[in-house]
Amino acid sequence: MLIHKLQDEINKCAKCGKCRSICPVFIETGNESMVARGRISLAEALRNGEIFHTELLRDYLLSCKKCLRCSSICPSGVDYDRIIQTMLDDSANHLGIWLIPRLIFRLFLTRRWLFNLLLKTARIFQSLVPLKRHGTMRHLPFMLMGGRWIPPLAKKPVLKNHRNTKKIKDSKMKVGFYVGCLINYVYTDIADAVIEVLNHLGVEVVVPPGQLCCGIPARSLGDVKTARRLAEINVEVFEKANVDFIVNACATCGRTLKRDYPHILGNRALKFTDKIYDISEFIEKYFSYETKRLDTKITYHDPCHLYWGQNISKQPRDILKRSSTFREMETPERCCGGGGVFNLLHYDLSTKIGEYKANAINKSGADIVATGCPGCRLQIEDLLAAKSSPAKCTHTIQVLRDAMLQHSLVKKCL
Ligand code: SF4
Ligand code: SF4
């Protein structure tokens with residue numbers, strides 16, 4: 001078992017229980033097997049041969065949102081993320097990967113044309129279901145996720161729609177855009193905004209069509225083989241694109257590319273990861289510009305994988321403060337309850353965790369809540385729709401695009 005290699009990391013845990021005070025899942029469930037301390041005790045028991053991998057244990061592992069909040073508070077500096085990932089990998093080795101996700105990962109995620117076909121078919125089925133709530137949300141029928149409301153799939157994925165690079169006169173740099181699945185197939189409006197803002201700032205944007213899923217869903221279920229294959233293809237595709245930087249607008253994809261790829265591919269990934277930037281981080285680091293403020297009250301939700309995972313919180317706020325009337329909500333860094341695999345498997349729990357967020361947004365009095373992750377946007381739109389809230393959710397870069405195209409002055413670039 002791989003967990004034997006983490007003996008020192010496991011031993012670091014002082015069992016102080018501080019992680020219990022902030023873990024969104026533990027706060028809702030009060031279950032010790034659903035918090036970092038409890039899972040580390042389970043890792044110890046596995047290491048000592050006192051317990052074995054079972055479906056029940058896998059349930060406890062998959063009830064972790066991997067939000068990284070506990071690592072930020074842990075006084076012993078335990079690398080919990082590494083421990084939980086290793087336990088998930090061991091679990092997949094012992095129990096195998098469930099059939100449907102295994103088929104999706106191995107057949108569809110690694111073959112773009114087949115994935116496109118799958119989602120095109122899903123879109124046809126989805127279009128047969130009438131629009132509900134706010135006129136924007138539809139239930140995706142074959143997902144069989146009772147009560148879950150999601151937005152329509154896009155007519156044309158970003159990777160088909162943005163094949164041709166817009167030539168920018170006297171462009172100062174060439175930037176590759178890593179799109180990610182949710183933006184590619186659902187929130188194409190975020191991609192449009194990324195490209196429009198960068199073009200407006202004098203940047204040539206390339207969207208390599210060969211890029212694939214970052215691999216996080218496969219990694220979350222311990223499918224190391226698929227996660228490695230996807231990482232290899234993405235690194236290769238962007239190496240060939242020969243770009244100066246690579247931007248993304250998804251907190252989870254961004255963290256995976258920056259932090260997981262070196263673990264998966266070793267030093268081979270370093271040249272690639274050095275170029276990765278979240279879009280707000282990139283704009284605030286390399287550009288100076290002025291925009292007219294939109295006449296809109298906007299608040300901001302910190303995605304866990306930006307705030308805890310990449311230490312990015314000031315940059316999006318600076319953008320929003322320049323572009324709108326900004327209002328901070330209560331504890332904006334508190335988790336919204338979203339998150340790929342966790343959300344699919346624990347929808348009720350995810351909604352309970354999100355209750356605080358939905359109330360905080362409504363209390364802020366903002367018309368719009370901006371965020372830096374399409375996964376958070378999906379969750380927040382669902383939470384707001386359930387409360388019939390008039391507030392809308394968008395991405396930070398869309399706010400900047402709207403403000404910038406009204407009136408902006410680019411003062412300096414690089
Ligand atoms: S906060 Fe850190 S040291 Fe304390 S119980 Fe949790 S993981 Fe262990
Ligand atoms: S990563 Fe998040 S959900 Fe998982 S144990 Fe830590 S705080 Fe809880």
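In listed order, ligands and their atoms are each counted from 1. Bear in mind the structure is a predicted one, so any value in this text is a computation, not a measurement.
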Within 6.0 Å of NZ in K15, more than 12 heavy atoms from elsewhere: yes
Metal site atom 2 (Fe) of ligand 2: N/O/S of C67 inside 2.8 Å: yes
Protein residue, atom and distance nearest to atom 4 (Fe) of ligand 2, heavy-atom basis: C64 SG, 2.4 Å
Identity and separation of the nearest protein heavy atom to atom 5 (S) of ligand 1: G17 N, 3.2 Å
Residue-ligand contact R39/ligand 2, heavy atom below 4.0 Å: yes
Short side-chain donor-acceptor distance under 3.5 Å, R69 and S72: yes
side-chain hydrogen bond (donor to acceptor under 3.5 Å, both in side chains) evaluation trace for K285 with Q315: CA-CA 9 Å; K285 179 162 181 183; Q315 300 91 326; over 6 Å; no
Within reach of ligand 2, part of L68 (heavy-atom separation under 4.0 Å): backbone
Under 3.5 Å: donor-acceptor pair, side chain of R293, backbone of K321: yes
Shortest protein contact, atom 8 (Fe) of ligand 1 (heavy atom only): C13 SG, 2.4 Å
Between D278 and Q310: side-chain donor-acceptor atoms closer than 3.5 Å: no
Region of K12 that comes within reach of ligand 1 [heavy atoms, distance under 4.0 Å]: neither
Backbone or side-chain N/O/S of C74 under 2.8 Å of atom 6 (Fe) of ligand 1: no
Atom 7 (S) of ligand 1: nearest protein contact (heavy atom, Å): I40 CD1, 3.8 Å
Interfacing atoms of ligand 2 (cut-off 4.0 Å, heavy-atom, K66): 1 (S), 4 (Fe)
Interfacing atoms of ligand 2 (cut-off 4.0 Å, heavy-atom, C70): 1 (S), 5 (S), 6 (Fe), 7 (S)
Close approach of C19 to ligand 2, heavy atoms, under 4.0 angstrom: no
CA sep, side-chain torsions, deciding dist, call: C376, C336, side-chain contact (heavy atoms from CB on, under 4.5 Å): CA-CA 7 Å; C376 297; C336 66; 4.0 Å; yes
Within 6.0 Å of CD1 in I100, more than 12 heavy atoms from elsewhere: no
Ligand 2 contact on Y80 by region, counting heavy-atom pairs under 4.0 Å: side chain
